[in-house]
S.K.: 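Dumping the structure here so I can ask a few things about it.
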Amino acid sequence: MPLVEVHDLVKVYGKDVRAVDGVSFEVNAGEVFGFLGPNGAGKTTTIRVLVTRLEPTGGTAFVDGIDVTSDPNEVRRRIGYAAQFIGVDDDLTGGETLVLQGRLHGMSTKAAVAQADLLLEVIDLTDAAGRRAGTYSGGMRRRLDLAQALVHKPRLLFLDEPTTGLDPQNRRALWEYLRSLNEDGVTIFLTTQYLEEADALVHRLAIIDHGLIVAEGTPGELKAGIGGDAITVTLHADASLQEIADVEAVLRGLDAAHDVRAFDHSVAVYVTDGGSRIASVVRALDEAGVNPARLELSEPTLDEVFLQHTGERLRVEEVKQQRRTAMGRRRRS
Ligand SMILES: Nc1ncnc2c1ncn2[C@@H]1O[C@H](COP(=O)(O)OP(=O)(O)OP(=O)(O)O)[C@@H](O)[C@H]1O
Ligand SMILES: [Mg+2]
């Protein structure tokens with residue numbers, strides 16, 4: 001039996017914000033399952049229903065065989081949850097925070113202290129354990145918040161963008177820890193905006209967009225679905241729309257092209273065995289009088305998968321800007 005079973009889940013905010021619009025998926029015991037999507041896709045809404053913080057409008061969700069709407073307390077006992085936005089108490093020290101959390105989950109003081117000490121070590125806060133969380137940096141607070149979700153040793157973890165705001169070093173340390181938890185049998189459901197993270201960490205993932213799952217599979221399966229390597233032609237930053245359209249036409253004209261996609265001032269053509277096709281791409285561009293700024297060959301990445309299914313790139317550098325433009329995105333047919 002899957003550990004998480006979601007069927008036709010719907011969440012409507014107010015009258016007509018269909019944040020989650022009929023989502024079904026399963027998470028198997030022992031998996032790291034990734035939920036990937038652009039800003040406003042419905043990731044947090046889904047996770048909040050699963051951790052019983054939010055009532056769904058329709059559909060069903062079972063966690064460890066328990067209906068999240070009929071027995072929320074039993075669900076909460078079995079899971080750990082770290083929310084997207086950090087909720088640590090500034091007045092408590094890091095150590096006190098974790099011990100209190102353990103006590104709230106019914107652990108003895110001795111057991112809670114032992115587990116707190118272990119976690120402080122893992123999240124590299126041992127030296128700061130006696131300081132008020134209010135004096136911590138953003139990254140330290142994020143790590144403490146995450147540790148709070150782990151004190152009672154849950155077998156199933158829900159993490160909403162666990163590494164957002166961490167520097168690369170802390171992010172990698174956290175991946176290592178999540179991996180080791182998973183190796184010890186902890187099932188992990190996480191949302192992320194980092195494609196590299198999803199690729200490195202998850203066994204399976206679903207891509208959600210506008211409240212709907214648009215793709216699901218292992219990273220390998222999804223990348224294989226792209227249909228080959230990408231040869232990306234990047235034009236100068238001031239290239240006109242006409243020049244971009246010309247490059248698209250040239251690439252579409254190649255015999256080997258499976259697919260062609262444009263983004264900003266780059267155009268990618270997907271081909272089998274990309275290395276052997278570079279020369280013909282260069283020749284075709286040359287014949288068309290195109291003078292690209294850059295030509296790149298890459299194996300398919302989750303970034304490409306994401307672009308294929310959502311029509312957008314999801315790069316961390318772009319996240320801030322996407323936040324600003326998310327409201328303006330139109331629903332695609
Ligand atoms: N309390 C609320 N009331 C009304 N609309 C909401 C509420 N919470 C979320 N929404 C809307 O529901 C949609 C999905 O939001 P959600 O937070 O689930 O997305 P997300 O995928 O987690 O995005 P992000 O990557 O920014 O965290 C968005 O359009 C959002 O504006
Ligand atoms: Mg969110």
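Sequential numbering from 1 along the given sequence is applied to the chain's residues. Predicted model, so just to flag it, every value in this text is computed and none were measured. Order of appearance sets the numbers: ligands from 1, and atoms from 1 within every ligand.
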S.K.: Any donor-acceptor pair under 3.5 Å linking the side-chain atoms of E243 with those of S240?
M.R.: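 S240 vs E243: donor-acceptor pair found between side chains.
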
S.K.: A cation-pi test, strictly: NZ or CZ of R53 under 6.0 Å from the centre of the six-membered ring of Y81 and no more than 45 degrees from its axis. Yes or no?
M.R.: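 No, R53 and Y81 do not form such a contact.
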
S.K.: Measure from atom 6 (C) of ligand 1 to every heavy atom in F35, F85, Y13 and give the option owning the shortest one.
M.R.: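 Among F35, F85, Y13, the closest heavy atom to atom 6 (C) of ligand 1 comes from Y13.
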
S.K.: List the steps and the verdict of side chain to side chain contact (heavy atoms under 4.5 Å, CB included) for L201 and L190.
M.R.: CA-CA 10 Å; L201 216 52; L190 62 88; 3.8 Å; yes

S.K.: Is the Mg ion (ligand 2) under 2.8 Å from any N, O or S atom of T191?
M.R.: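 No, outside the cut-off.
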
S.K.: Taking backbone and side chain together, does Q84 place any N/O/S atom at a distance below 2.8 Å from the Mg ion (ligand 2)?
M.R.: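 Yes, within the cut-off.
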
S.K.: Number the atoms of ligand 1 from 1 as they appear, then name those within less than 4.0 Å of a heavy atom of E161, with their elements.
M.R.: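 It comes down to these atoms of ligand 1: 25 (O), 27 (O).
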
S.K.: Are any of the N or O atoms of V17 closer than 3.5 Å to those of ligand 1?
M.R.: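 No, V17 has no N/O under 3.5 Å of an N/O on ligand 1.
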
S.K.: Which of these, I47, T45, T191, has its nearest heavy atom closest to atom 16 (P) of ligand 1?
M.R.: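 Closest candidate by heavy-atom distance is T45.
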
S.K.: G37: heavy atom below 4.0 Å from ligand 1, yes or no?
M.R.: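 Flag not set, G37 not near ligand 1.
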
S.K.: With no hydrogens and no angle check, do the side chains of T126 and E121 hold a donor and an acceptor under 3.5 Å apart?
M.R.: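 Yes.
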
S.K.: From D184 CG over to N182 CG, what is the distance, rounded to the nearest 0.5 angstrom?
M.R.: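 Reported value, rounded in 0.5 Å steps: 9.0 Å.
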
S.K.: Within the 4.0 Å heavy-atom shell around T44, which atoms of ligand 1 are there?
M.R.: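 In order of number, 17 (O), 18 (O), 20 (P), 22 (O), 27 (O).
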
S.K.: Quick check on contacts: which atoms of ligand 1 are under 4.0 angstrom from a heavy atom of A19?
M.R.: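 Within the 4.0 Å cut-off of A19, ligand 1 contributes 12 (O), 13 (C), 14 (C).
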
S.K.: Does P38 come within less than 4.0 Å of ligand 1, judged by its heavy atoms?
M.R.: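 The answer is yes, since P38 has a heavy atom less than 4.0 Å from ligand 1.
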
S.K.: Is there a heavy atom in Q193 that sits closer than 4.0 Å to ligand 1?
M.R.: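 For ligand 1, residue contact (heavy atoms, under 4.0 Å) with Q193 is present.
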
S.K.: Heavy-atom contacts with A41 under 4.0 Å: which atoms of ligand 1 show up? List them by number with element.
M.R.: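 Close to A41: 19 (O), 20 (P), 21 (O).
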
S.K.: Looking just at side-chain N and O atoms, do T69 and D67 make a donor-acceptor pair shorter than 3.5 Å?
M.R.: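 D67 and T69 do have a side-chain donor-acceptor pair below 3.5 Å.
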
S.K.: Identify which one of V260, V290, V269 satisfies the side-chain contact (heavy atoms from CB on, under 4.5 Å) criterion when paired with V247.
M.R.: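 Checked V260, V290, V269 against V247; only one passes side-chain contact (heavy atoms from CB on, under 4.5 Å): V290.
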
S.K.: In Å and rounded to the nearest 0.5 Å, what is the CG to OG distance from L178 to S180?
M.R.: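 The distance works out to 7.5 Å.
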
